[in-house]
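Have a look at the structure below before the remarks.
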Amino acid sequence: MQGVAMVVWRKMGKKGFSSTSRALKSFNGYGYQINKSPPLLALDIPDIWTLHSTTNHGPPPPPANNSNEQTAAIIDGKSIAEEIRSGITGEVSRMKDAIGKVPGLAVILVGQRRDSQTYVRNKIKACEEVGITSLMAKLPEDSTEDEVLNVVSCFNENPSVNGILVQLPLPQHMDEEKILNVVRLEKDVDGFHPLNMGNLAMRGREPLFVPCTPKGCIELLLRSGVEITGKKAVVIGRSNIVGLPTSLLLQRHHATVSIVHAFTKNPEQITREADIVVSAVGLPNIVRGNWLKPGAVVIDVGTNPVEDPSSEHGYRLTGDVCYNEAVRVASAITPVPGGVGPMTIAMLLSNTLDSAKRAYRFT
Ligand SMILES: NC(=O)C1=CN([C@@H]2O[C@H](COP(=O)(O)OP(=O)(O)OC[C@H]3O[C@@H](n4cnc5c(N)ncnc54)[C@H](OP(=O)(O)O)[C@@H]3O)[C@@H](O)[C@H]2O)C=CC1
Ligand SMILES: Nc1nc(=O)c2c([nH]1)NC[C@@H]1CN(c3ccc(C(=O)N[C@@H](CCC(=O)O)C(=O)O)cc3)C=[N+]21
C-alpha cells in the first residue's frame with residue numbers, strides 16, 4: 001500500500017503516529033543536436049529514462065541574428081523531470097506487480113524552517129505521485145543529537161525503508177557529520193555518506209548513490225545534447241552537497257574542471273573561459289552576463305528568495321545567475337524556478353527506486 005506514514009518524535013519518546021498512508025523550450029543559434037541521452041558514465045544508474053526517452057526535444061530553429069535578443073535555449077528542467085518521473089512511475093508499478101513491493105523513502109526533518117518544510121512536503125508529494133511509500137519523522141528544533149541518531153537507526157533497521165534523507169541544514173547544535181555517517185550506505189539516497197562521496201571521487205570506484213542535485217545537473221546537460229567530454233567546466237561553489245560532487249561528476253564525464261569559491265581571485269575571468277558553468281553559491285545575480293563566454297551552457301543551481309511585493313508571498317525565487325543578461329550570451333540556460341530544482345527531486349525518486357531494486361534484487 002502506498003502513502004505517507006508520519007512519525008513525530010518528541011523529547012518524551014514517540015508520540016503521534018499516524019499512517020496514511022524537455023526539453024529545450026526556446027532555441028539558439030549554436031546548433032545543438034538533441035540526442036538520446038547516453039547513460040551516466042560507469043555509474044550504477046537505472047536506464048529507464050535514458051533509454052526510453054519519448055519527448056521530441058528538437059530540432060533547434062535557426063539562429064537569432066539580433067545580438068540584443070535572447071539567444072539561449074531554455075533548458076526546461078520541469079518537463080525533463082516530469083518525463084523522468086513518469087518512467088519511475090512505470091517502474092514502481094512493474095515492481096509492485098512482479099514482487100508485491102514498492103520502494104520506501106524516509107525523510108527526517110528537525111526543526112521548523114519554512115523552506116525545509118516546503119522542500120520536504122514537495123518530496124513527499126513527489127513520492128506519492130510515483131507510488132513510492134514515504135515515511136516522515138518530524139523532530140523539534142531542540143531535539144538532541146542522540147534522538148536524531150535513534151530515528152536514523154530505526155529507519156536503518158526498517159526493511160521497508162530503502163532510502164533515508166536527513167533534511168539539511170540541521171539545527172546548529174547538531175553535528176551534521178556524525179548524523180550523516182550513521183545513515184546506512186545502502187540507504188544513502190542523498191549520496192552524502194563519506195564512502196559514497198569518496199567512491200565518487202576515486203577512479204575505478206562506484207558509489208552506490210550519486211547526490212541528487214549534481215546528478216540532476218548532469219542529466220540536464222546530457223538530455224540537452226551538451227557534450228561534456230573535453231569541455232572546460234567551471235563550478236562556482238564547493239559545498240559538500242552541490243559544488244564538490246558536481247565537480248567530481250563533471251570530471252567523471254571527462255570535463256576539465258575549475259572550481260571557483262569565496263576566496264577565488266578574478267572569478268569572472270576564470271568563469272569566462274568555461275564552456276559549461278554550474279553555479280551553486282546562494283547569492284542572487286552574482287554571475288553577470290560578462291562572466292560568460294558567448295555560447296556557454298549555464299546551469300543555475302542557486303535558489304534564492306528575493307523580496308518581491310508584487311508576488312503572492314512577498315518574495316520570489318531567483319538564481320545565482322543574472323538571467324536577463326546571461327540569456328543574451330549563453331547558448332543554453334536553466335531557469336529558476338523550473339530548472340535544476342525539479343531535477344533534484346526526480347533524482348531522489350530515481351535513487352530510491354534504484355535502492356529498492358538493489359534490496360529486492362529486482363531487475
Ligand atoms: N535547486 C536545487 O535543487 C538546490 C539548490 N540549492 C541552492 O544552491 C545554492 C548553494 O547551495 P549550497 O551549496 O548548499 O550552499 P553553501 O552555502 O553550502 O555553499 C556555497 C558555496 O559558494 C561559495 N561562495 C560563497 N560566496 C562566493 C562568492 N562571492 N564567489 C564565489 N563563491 C562563493 C562558498 O565558498 P567557500 O567554500 O569558499 O565558502 C561555498 O562553497 C543555494 O542558493 C541553495 O539554495 C542547493 C541545493 C539544491
Ligand atoms: N538532505 C538534503 N537533501 C537535499 O537535496 C537538500 C537538502 N537536504 N536541503 C536543502 C536543499 C535544497 N534542495 C532543493 C530541492 C528542490 C528544489 C526545488 O524543487 N525548487 C523548485 C522551486 C520550489 C519552490 O517553488 O519553492 C524549482 O527550482 O523549480 C529546490 C531546492 C534540496 N536540498
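Every number for a ligand or one of its atoms is a count from 1 in the order of the listing. Note that the numbering runs from 1 along the sequence shown for the chain.
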Near F192 (heavy-atom distance under 4.0 Å), the atoms of ligand 2 are 1 (N), 2 (C), 3 (N)
Which of the ligand 2 atoms, numbered from 1, are nearer than 4.0 Å to a heavy atom of G338: 27 (C), 28 (O), 29 (O)
Could you check whether E82 pairs with R85 (Lys NZ or Arg NE/NH1/NH2 to Asp/Glu carboxylate O, under 4.0 Å)? no
Pick from K231, K232, K293: which one makes a side-chain hydrogen bond (donor to acceptor under 3.5 Å, both in side chains) with D275? K293
Looking at atom 11 (C) of ligand 2, is any protein heavy atom nearer than 4.0 Å to it? no
Find out whether T213 and M347 are in side-chain contact, i.e. whether some heavy atom of one side chain is under 4.5 Å from a heavy atom of the other. no
Are the side chains of P194 and E177 in touch, meaning some heavy atoms are under 4.5 Å apart? no
Give the residue and atom name of whichever protein heavy atom lies nearest to atom 9 (N) of ligand 2, and the separation in Å to one decimal. L168 O, 2.8 Å
What part of D190, side chain, backbone, both or neither, has a heavy atom within less than 4.0 angstrom of ligand 2? side chain
Test of understanding: given a 4.0 Å heavy-atom threshold, classify the contact between K123 and ligand 2 as side chain, backbone, both, or neither. side chain
Does F209 have R358 sitting over its ring (NZ/CZ under 6.0 Å from centre, angle to axis within 45°)? yes
Restricting to non-hydrogen atoms, name the atom on S239 and the atom on P245 that form the minimum distance, rounded to 0.1 Å. O-CD, 3.5 Å
Considering only protein heavy atoms, which is closest to atom 7 (C) of ligand 2, and at what distance to one decimal place? Q167 NE2, 3.5 Å
Validation row: N304, N285 side chains within 4.5 angstrom (heavy atoms): no
Contact table, ligand 1 N/O with protein N/O, distance under 3.5 Å:
unit_1, atom_1, unit_2, atom_2, d
ligand 1, 1 (N), V301, O, 3.4
ligand 1, 1 (N), T303, OG1, 3.4
ligand 1, 3 (O), T344, OG1, 2.6
ligand 1, 13 (O), S239, OG, 2.5
ligand 1, 32 (N), A262, N, 3.4
ligand 1, 35 (O), A262, N, 3.3
ligand 1, 37 (O), R238, NE, 2.8
ligand 1, 38 (O), R238, NE, 3.3
ligand 1, 38 (O), R238, NH2, 2.9
ligand 1, 38 (O), A262, N, 3.2
ligand 1, 41 (O), R238, N, 2.8
ligand 1, 43 (O), T303, N, 3.0
ligand 1, 43 (O), N304, OD1, 2.9
ligand 1, 45 (O), T303, O, 3.3

Could you check atom 16 (C) of ligand 2 against the protein and tell me its nearest heavy-atom contact, residue, atom and distance included? G341 O, 3.7 Å
In ligand 2, which numbered atoms sit nearer than 4.0 Å to a non-hydrogen atom of P342? 19 (O), 27 (C), 29 (O)
Can you sort out which atoms of ligand 2 are near L317, meaning under 4.0 Å from one of its heavy atoms? 22 (C), 24 (C), 25 (O), 26 (O)
Any chance CD of Q112 has more than 12 other-residue heavy atoms, nucleotides or ligands included, within less than 6.0 Å? no
Just so I know, are the side chains of T133 and L105 near enough to count as touching, which here means a heavy-atom distance under 4.5 Å? no
Hey, is NE2 on H173 packed in by over 12 heavy atoms from elsewhere, all under 6.0 Å? yes
Closest contact, heavy atoms only, A346 versus I88: O-CD1, 3.7 Å
If I apply the N/O under 3.5 Å rule, does L165 come out as touching ligand 2? no
Any heavy atom of T213 closer to ligand 2 than 4.0 angstrom? no
Side chains of V102 and M95, heavy atoms from C-beta outward: is any pair under 4.5 Å? no
For ligand 2 and Y119, I'd like to know whether there is a polar contact (N/O to N/O, distance under 3.5 Å). no
Proximal atoms of ligand 2 relative to V166 (non-hydrogen, under 4.0 Å): 1 (N), 2 (C)
Could you check if a side-chain atom of R184 sits within less than 4.5 angstrom of a side-chain atom of I164, using non-hydrogen atoms only? no
